[in-house]
**Q** 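A single structure is presented below for examination.
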Amino acid sequence: KDALEQLKLEKGADAINESLYLATDGTGLRSMSWRGAVKRGEENQLVILSFTSPVETFHEARAAYDAILAHSVIMQ
């Protein structure tokens, strides 16, 4: 959040809005994800855990996303 405010001060609101648009493909959302291979039977399968929040509030949800990832267990 602090970095976002600093960018606003340095570049102005119009520049920050354009940067956010380009960084989020115009959705206004920011995502984080974990990808990994899991062996199921004799096959390797790709598992993706993805979390998305509005850019402005992503920092508020980040701790919850990190905790979910830290405690995730892939079960068959």
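Everything numeric in this text was worked out from a predicted model, so none of it was measured.
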**Q** Going by the ring-ring contact (aromatic ring centres under 6.0 Å, His included) test, which pairs reach into residues 31-50, not counting sequence neighbours?
**A**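 ring-ring contact (aromatic ring centres under 6.0 Å, His included) check on residues 31-50 returns no pairs.
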**Q** Please identify each residue that fulfils side-chain hydrogen bond (donor to acceptor under 3.5 Å, both in side chains) with Ser72, with sequence neighbours left out.
**A**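 With neighbours one apart ignored, the set is empty.
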**Q** Look up atom CG in Leu29 and atom CD in Glu56, then write down how far apart they are to the nearest 0.5 Å.
**A**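 Taking CG in Leu29 and CD in Glu56, the distance rounds to 9.0 Å.
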**Q** Mind checking side-chain contact (heavy atoms from CB on, under 4.5 Å) for Leu46 and listing every partner two or more places apart, or none if nothing turns up?
**A**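 Leu46 satisfies side-chain contact (heavy atoms from CB on, under 4.5 Å) with Arg35, Ile48 only.
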**Q** What residues form a ring-ring contact (aromatic ring centres under 6.0 Å, His included) with Phe51, not counting sequence neighbours?
**A**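 With neighbours one apart ignored, the set is Tyr65.
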**Q** Taking C-beta and beyond as the side chain, do Val38 and Asn44 meet within less than 4.5 Å on heavy atoms?
**A**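 The answer is no, as the side chains (C-beta and beyond) never meet within the 4.5 Å cut-off.
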**Q** Below 4.5 Å, heavy atoms only, C-beta onward: do Arg62 and Met32 meet side chain to side chain?
**A**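 Side chain of Arg62 against side chain of Met32, heavy atoms only: contact under 4.5 Å found.
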**Q** Just to verify, what does Glu43 make a side-chain hydrogen bond (donor to acceptor under 3.5 Å, both in side chains) with, not counting sequence neighbours?
**A**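 None.
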**Q** Judged by modelled atom types alone, do Thr52 and Ser31 share a side-chain donor-acceptor pair under 3.5 Å?
**A**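 Looking only at side-chain atoms, Ser31 and Thr52 do form a donor-acceptor pair, the distance falling under 3.5 Å.
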**Q** Could you check if a side-chain atom of Leu49 sits within less than 4.5 angstrom of a side-chain atom of Ser33, using non-hydrogen atoms only?
**A**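 Contact flag for Leu49/Ser33 side chains = no.
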